[in-house]
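The structure appears below as structure tokens.
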Amino acid sequence: MTAPAADARSRPALVIGETLVDAVRRADGTTSRHPGGAGANVALGLARLGHPVVLGTHTGRDDDGRTLRAPLEAAGVTIDEVHRSPSRPSHVAHAELDADGAATYAFDVDWDVRPTLDPLRPPVLVHTGCLGTLLLPGAEAVLETVRRARETSFVSYDVNMRPAAVADTPATVARVEAFVAASHLVKASDEDLAWLYPSVEPAEVATAWSRSGPAVVLTRGSEGATLFTDGHTEHAPARRVPVADTIGAGDAFCAAFLSSLWHQDAFERGPRDVPTWRAALHHAVAAAAWTVSRPGADPPTSEDLDRFRRSAPERLRG
């Protein structure tokens, strides 16, 4: 892993990914609309936790676009519009919630982007995932950017599969594996890995990926999360909270994990610094629990998370 420069605390993160409206329909028939999108959620989460962030994304020149930009700009996120056709309308995700608050999605997303890197002041961190790494033609441009960034920045990748948006093909698996190979940290859920490799246990996939280079975090919902590094694992149990819905929980997890590493200047040391990465894992599990207790993708601030960690026991949700 290439060490960031000495000015790492002042250099921004670059998050590349979709910004969209979550149009949510609940099991009781009620509906609501919230700003969302995996890229936007991670960027918002990092900014709320005190970090400078640039978001490479697309927001339409419409009412939805203004709604999407407002919370990001209020948190201090710099929005870099990277779509090749900026006049395209804002993206929408249609989410259906079941009685337990779990969401299934359908997407109205056109992802044709051209991300940019500043060679004179590279970001300390590049994070991407979800639709931004799955939908063509934009996913290929994102992969090229990540590969270039790897030599100067810490690269984080959230698999965050969306079966409704992609085909179950070897090409999709190959694209995911290309992003894994280009990353220093990979986060995946057990559902992600079961979809990609239905005949293999998720922990086996996480172990294999970690032996190929990156640290891998496997999230298992109410069973917590496990960090896999080459030859070592760390587990953090989930926390008991009332569940409003699961929208944005994985994104809040990513933001909190990266924030914890960033605050501790841990990017260059990598997972061999076991206590620091263990602390990041527990910090991330707490952020995910805080988020599922609230409707929509609404990641915590540092103050929110500090209060929550003091008040909520570290045990399985129920």
Side-chain angles (χ1 to χ4, degrees), residues 1-19 37-59 69 71-82 113-130 132-133 141-158 179 182-187 213-215 217 251-273 276-277 279-281 283-284 287 299-302 305:
M1 183 184 306
T2 300
D7 63 343
R9 283 185 178 269
S10 64
R11 288 158 52 199
L14 172 62
V15 178
I16 307 170
E18 72 277 8
T19 300
N41 295 341
V42 175
L44 180 62
L46 283 169
R48 286 183 175 177
L49 293 171
H51 304 287
V53 185
V54 175
L55 173 60
T57 194
H58 168 68
T59 59
R69 289 189 292 273
L72 293 165
E73 291 171 344
V77 175
T78 299
I79 299 173
D80 181 13
E81 296 280 356
V82 295
V113 298
R114 183 165 40 203
T116 56
L117 288 172
D118 183 349
L120 299 179
R121 193 167 184 261
V124 65
L125 160 70
V126 174
H127 174 84
T128 192
C130 198
T133 60
V142 177
L143 178 58
E144 179 185 350
T145 302
V146 165
R147 284 171 168 163
R148 286 190 286 113
R150 180 180 170 84
E151 296 306 313
T152 57
S153 307
F154 184 89
V155 175
S156 168
Y157 166 50
D158 182 7
F179 276 99
S183 301
H184 299 114
L185 171 65
V186 176
K187 177 256 180 189
V217 178
D251 304 323
F253 182 103
C254 287
F257 197 106
L258 294 168
S259 174
S260 182
L261 295 181
W262 197 344
H263 279 305
Q264 298 177 85
D265 295 320
F267 289 143
E268 67 179 273
R269 297 196 299 274
R272 65 180 179 274
D273 180 4
T276 297
W277 282 63
L281 184 67
H283 197 61
T301 65
S302 296
L305 198 46

Report summary line: All heavy atoms of Ser183 vs all of Pro214, minimum pair found to be O-CB, 3.4 Å
Query raised in the report: Do Phe257 and Val217 come close enough that some side-chain heavy atom pair is under 4.5 Å?
Result: yes
Requested in this report: Looking only at non-hydrogen atoms, find the nearest pair between Ala255 and Leu49 and report the distance.
Outcome: O-CD1, 3.9 Å
Requested in this report: Supply the atom-to-atom distance His127 NE2 to Leu55 CG, rounded to the nearest 0.5 angstrom.
Outcome: 10.5 Å
**Report entry** Residue pair Val77 / Ala43: nearest heavy atoms and the distance that separates them
**Finding:** CG2-O, 3.7 Å
Query raised in the report: Given the rule in the side chain to side chain contact (heavy atoms under 4.5 Å, CB included) test, do Val124 and Phe267 qualify, once you have shown the distances and angles that lead to the verdict?
Result: CA-CA 9 Å; Val124 65; Phe267 289 143; 3.9 Å; yes
Requested in this report: Taking all heavy atoms of Val15 and all of Gly39, pick out the closest pair and write down the distance.
Outcome: CG1-O, 3.4 Å
Requested in this report: To the nearest 0.5 angstrom, please state how far the CG atom of Leu185 sits from the CG atom of Leu258.
Outcome: 6.0 Å
Query raised in the report: Looking at side-chain heavy atoms only, is the closest gap between Asp80 and Thr116 below 4.5 Å?
Result: yes
Report task. May I ask you to decide if Val155's main-chain N or O and His184's side chain share a donor-acceptor pair within less than 3.5 Å? Result -> yes
**Report entry** CG-OG1 distance between Leu72 and Thr57, expressed to the nearest 0.5 angstrom
**Finding:** 8.0 Å
Query - Under 3.5 Å donor-acceptor, Arg11 side chain and Pro122 backbone - result: yes
**Report entry** Point-to-point distance, once rounded to the nearest 0.5 Å, from CG of Leu261 to CD of Glu268
**Finding:** 12.0 Å
Query raised in the report: Is the shortest heavy-atom distance from the side chain of Pro299 to the side chain of Asp251 under 4.5 Å?
Result: no
Query raised in the report: Should the ring pair His263 and His51 be called parallel, tilted or perpendicular, given that the plane angle runs from 0 to 90° and is split at 30 and 60?
Result: tilted
Query raised in the report: Under 3.5 Å, side chain of Thr19 to main-chain N/O of Thr59, donor-acceptor pair present?
Result: no
Query raised in the report: Nearest heavy-atom pair of Pro300 and Arg48: which atoms, and what distance?
Result: O-CB, 3.7 Å
Query raised in the report: Where is the tightest heavy-atom contact between Ala141 and Pro115, given as atom of each residue plus distance?
Result: CB-CD, 3.9 Å
Report summary line: Rounded to the nearest 0.5 angstrom, the CH2-CG distance for Trp277 and Leu281 is 10.5 Å
Query raised in the report: Thr133 side chain to Cys130 main-chain N or O, any donor-acceptor pair under 3.5 Å?
Result: yes
Requested in this report: Examine distances only and state if a side-chain atom of Glu18 and a backbone atom of Ala38 form a donor-acceptor pair shorter than 3.5 Å.
Outcome: yes
Requested in this report: Can you measure from CG (Leu14) to OG1 (Thr145) and round to the nearest 0.5 angstrom?
Outcome: 8.0 Å
